[in-house]
There are 2 protein chains.
Amino acid sequence: MLSCMHEHDGPLTRLRRGHEQAVLELLRKHGPLSRAELGARSGLSRTTLHDIVGGLVGSGSVVAGTPHVEVRRRGRPVEKLSLNPAAGEAVGIDFARRAVHVAAVNFAHEVLGSASESHGAELSWPARVDIAARLLATLTAGAPVAPATEAGRRDGSDGSDPVRLDALSAIGVGVVGPITDPGSVDARAQGIDGLPELLRERFGVPVLLDNNTRLAALAEAVWGAAADSGDVLYLRLSHGVGGGLVVGGALHRGPGGLSGEFGHITVDPAGRRCGCGGTGCLETRASLDAVLRRYREAGGRADDLAGFLDAAAAGEPAALDVLERVGHDIGGVLAAVCQAVGPGVVVVGGELAEAGPALLEPVVLALRRRLMPLARRHVDVRRATLGEAGSALGGIALVLHESPLLSHYPRPVSEENA
Amino acid sequence: MLSCMHEHDGPLTRLRRGHEQAVLELLRKHGPLSRAELGARSGLSRTTLHDIVGGLVGSGSVVAGTPHVEVRRRGRPVEKLSLNPAAGEAVGIDFARRAVHVAAVNFAHEVLGSASESHGAELSWPARVDIAARLLATLTAGAPVAPATEAGRRDGSDGSDPVRLDALSAIGVGVVGPITDPGSVDARAQGIDGLPELLRERFGVPVLLDNNTRLAALAEAVWGAAADSGDVLYLRLSHGVGGGLVVGGALHRGPGGLSGEFGHITVDPAGRRCGCGGTGCLETRASLDAVLRRYREAGGRADDLAGFLDAAAAGEPAALDVLERVGHDIGGVLAAVCQAVGPGVVVVGGELAEAGPALLEPVVLALRRRLMPLARRHVDVRRATLGEAGSALGGIALVLHESPLLSHYPRPVSEENA
C-alpha cells in the first residue's frame, strides 16, 4: 500500500530501492530465508543479492544466523537471513503545540503502545525531547524485543536498559507547520531548527520529519478509520483546522509541503481575518475558538469545549444549531476537495469530532448536496479512530514506508551509545 | 517521472513489472545490449532475465538480432536485444464530443505528428473509429518506422501498408466522461459500451482508455506547459469545464474515476442549475456558453467565441469585464484546490484560454488573494501549449506509462491482420 517510489530519483536508485524493498518484504512474509531461497524468490542475481543484503545487514535491518534445525547434507549449517526484530522496532513522536505523544511498534508492525504528556506552550526543544525519551522508556519497558541471533546485537549494551533505543531503525517525528526539507533554511523559519540534530544525538538513529496533521492522515489510512482505503481525505478540527491527503495509498506532501491545508480554503471572502493572513478561511469558522465564539454569539453559556460538547450531547438547541452551521461550512469545503481529488473516504478527527453525529450529519448533508450527483455515492464520511496518538503512529508509518531508504541514510553514532 | 507502480498489485507482480521496466529503460537508454550486459546492468539473475526478456520478446516489445560489427573471440556472433521500433510506436486517439483527434510517436518517444477531423455530435462509434483509422493512415505514412531486424517482423505483411498499425504496441484513447474500468457496467451507462472491443478488433492491439480531459493534463505534464513539474493542476475551459491532476508525477484518477472535476466545484450555492445536477458550479459561470451569456448580459454584441475573443483582443470593456469576473470565479476555485493538493503548476487550456492575459491575469490575482500567504510563492499559472492534440498525446503518454503492463495483456489478433 505504501510502496510508491520516489519519482525524483534516478532509475538505478529506484531499482536499488525496489530490490531492498523486495528483500524486506520476502523476509517479512516468509520469515528467515537462506541466500539461495532469497535469490530464487526475488529473482536477483547472486552479485546483486550480495550487494543488497550486505547493505541491509550493514544498516542493522537484516541479521544473519544459523538455526540448529536445518543443515546441509554435507553437515555445514545453512545461514538464514531474517529481519532484525530489534532494529525493526520503530518509534513515532508527535511534538504538538502543548503536548508530546509517542508510540512504538515492533518489526512485525504490531503497536506496542502509546503515551502522552502535556506541557506549557513555550517549552524548549531539549525539554520536549526529554519528555519524549521518558515516555518512550515507559512504553518499551518489557516490550518483547530481543535480538534473534547474536548478530542482532550491534553494540556492547548489557541488555539491562529496558528502552533499547539503540535498537531502533529510525524515528518518525511530527511537528507543527509545513515540512519539506527539515535541513533547509525553512526549518529555521518554522521554529524546528536544531530539532532533527537534537533527536539524532539523543537516539542515535535517522530522523524523518513531517507535519503532524499529515502524519495523522497517514496513520488513519494505515491503522485507523480508513485502513481499507488508498484514497483518504483527513480533516482535523482542533485549535487549528488542517488535514492531509493520502492519494493512491501514498501520503501526498505537495510542492512546498503545503498540501492538506483545508483550514485555509476560503468559506466567506468577506469574512474574518485568519491567522494565516487570509480572510474568511474555514479555520475562522470551524476551529475550537471559532466554534465557541459562534456558540456564545448564539446565546450559549459554556465557555470551554467540554461544556459545549456536554450541551450538545444534552440536545441544547444553541449548541446543535452551531454544530449544524459549522458542519455546513465544513461540508462545503470537503465537497470542493472531493470534486478535485475524487470522492473517497473522508475521516474527521480532532477534539471537535467528539461531538459525533451532531456534527458529522450536517457535514455529510452539505457535502453530498455540493457534490455532483455522480460522485455522491462514492463518498464515505467517518470519524477518526486513533485519537491523540494518531500523529505519533503516523510517524511510525512514515518510518515503515521509508524503511528501504534507511541503508542510504548516514547513521550518526550518538555519544550515549558509543 | 511516470514510473509510479500500481498500488493494488501484489509484491511479486510489482516486482515483475519493475524488472520489465528496468530492462526497457536500459534498452531505451543504452541502445542494443547483449543478455550478459543486460544482466550486469540490471542486477537480475540469468533465470529471471531469461523469463523477463522472453515475455518482452513474446509481446513484440523487444527484438533479438546479431549486428555484424561485434563477434566473440571464438567467432560466434553475440545476440543483442533492442527495443522493437515498430512495436514501440504508440498512438493516441481522442474521441471528443464533435471531433476525432489522433497523434503518434515512435519508440524513441518522438512525436510523429497529430491530425483532427470534426463530425456531427450523433456520429456512431464505428464511423468515429473509421475517422481515427483514416487520420492515423495519413499521419504514419512515410513515418521513419522499420523493424531493426528480421525478428521485428511479426507477421506476413509485405510492408506496403504505410499505416503499419500491425506494429503498434497499444492505443491510448480519450473519451468524454469519467472512466474507471471500461469493461464494467459503467461503460454502458457512459455510452462507450463496445468501443474498446471495436478498437481492439480494428487495430489488433490492447486499448487503454481514460477521460480525455485527464489525458490532456497528463500530456501537458509530460510534453507541454508543465513538462518540468511533477505536480500539475490542469483546467480546461471549453463547452464544459473540467481538468486533471498529476500528483507526484503520476496521473491521479481518484475513486470512481472522478478526480479533476473542477468545473463542478460550487462557486455560488444560490446560482444556476448545472448540467451535472448540482447548483452554481464553476461550469455555470466559466463554460463557453456561460461566458457568452455573461457577455451578452453585459451588453456585448458578438454571439460566438471568435467574436468575443476578437472583442476582448480589441480591448472592448464589456468583454474585458466579463473575462475579469470569470477569472475571479476560476481563481477562487483553483485556490481551494491548491490549498488541498499543494500549490504547483496550474495549466489553463481549452478555447477560452485563447483570451490570454485578459483571462489569466484576473485568474492569478484571485488565486493568489485566496491562497494562504505561505503558499503564494509556490503557485505558477501557465497557458496550455498542446492545443487540441493534447488529449491524443495524453493517450500516448498513458500507453508509455503503462507499457510494462503490455506483456500481461491478452493480444487479440484482428481478423484484418490474420
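We name chains A, B, ... by the order of the sequence lines, and we start the count at 1 in each one.
Atom CG in B:Leu258 sits 5.0 Å away from atom NE2 in A:His378 (nearest 0.5 Å). How far CG of A:Leu44 is from OG of B:Ser42: 9.5 Å, rounded to the nearest 0.5 Å. Atom CG of residue A:Leu251 and atom CG of residue A:Leu215 lie 7.0 Å apart, to the nearest 0.5 angstrom. Rounded to the nearest 0.5 angstrom, B:Leu398 CG and B:Arg214 CZ are separated by 10.0 Å.
Within residues 365-375 of chain B, the residues approaching chain A closer than 4.5 Å by heavy atoms are, in numerical order, B:Arg370, B:Met372, B:Pro373, B:Leu374, B:Ala375. At a heavy-atom cut-off of under 4.5 Å, chain B is reached by A:Cys276, A:Gly277, A:Gly278 from residues 271-279 of chain A, listed in order of number. Residues of residues 259-266 of chain A lying within less than 4.5 angstrom of chain B, judged on heavy atoms, are A:Ser259, A:Gly260, A:Glu261, A:Phe262, A:His264, A:Ile265, A:Thr266 in numerical order. When the heavy atoms of residues 328-337 of chain A are compared with those of chain B, the residues falling under 4.5 Å are A:Ala336, A:Val337, listed by number.
The closest side-chain heavy-atom distance from B:Leu218 to B:Tyr234 is not below 4.5 Å. Counting heavy atoms from C-beta outward, A:His252 and B:Asp231 have side chains that approach closer than 4.5 Å. Side-chain contact check for B:Val346 versus B:Leu235: every heavy-atom pair is 4.5 Å or farther apart. When side chains are defined from C-beta on, B:Asp268 counts as touching B:Arg285, because their heavy atoms get closer than 4.5 Å.
Of the possible polar contacts, none joining the A:Glu283 side chain to the A:Gly240 backbone as a donor-acceptor pair under 3.5 Å is found. Judged by distance alone, the side chain of A:Glu220 and the main-chain N or O of A:Ala226 form no donor-acceptor pair under 3.5 Å.
Across all non-hydrogen atoms, the minimal contact from A:Leu282 to A:Val241 is CD2-CG1, 4.0 Å. Of all heavy-atom pairs between A:Val222 and A:Ala227, the closest is O-CB, 3.6 Å. Here the closest non-hydrogen pair linking B:Ala340 and A:Leu245 is O-CD1, 3.4 Å. Counting all heavy atoms, side chain and backbone alike, A:Thr213 lies closest to A:Gly243 at CG2-N, 3.3 Å. When all heavy atoms are compared, the tightest approach of B:Leu49 to B:Gly39 is CD2-N, 3.5 Å. The two residues B:Cys281 and B:Thr284 have their closest heavy-atom pair at O-OG1, 2.6 Å.
Of the residues considered (B:Thr47, B:Val341, B:Val379, B:Val345), B:Val341 shows the highest number of contacts with chain A, using heavy-atom pairs under 4.5 Å. Of the residues considered (A:Pro269, A:Gly244, A:Gly344), A:Pro269 shows the highest number of contacts with chain B, using heavy-atom pairs under 4.5 Å.
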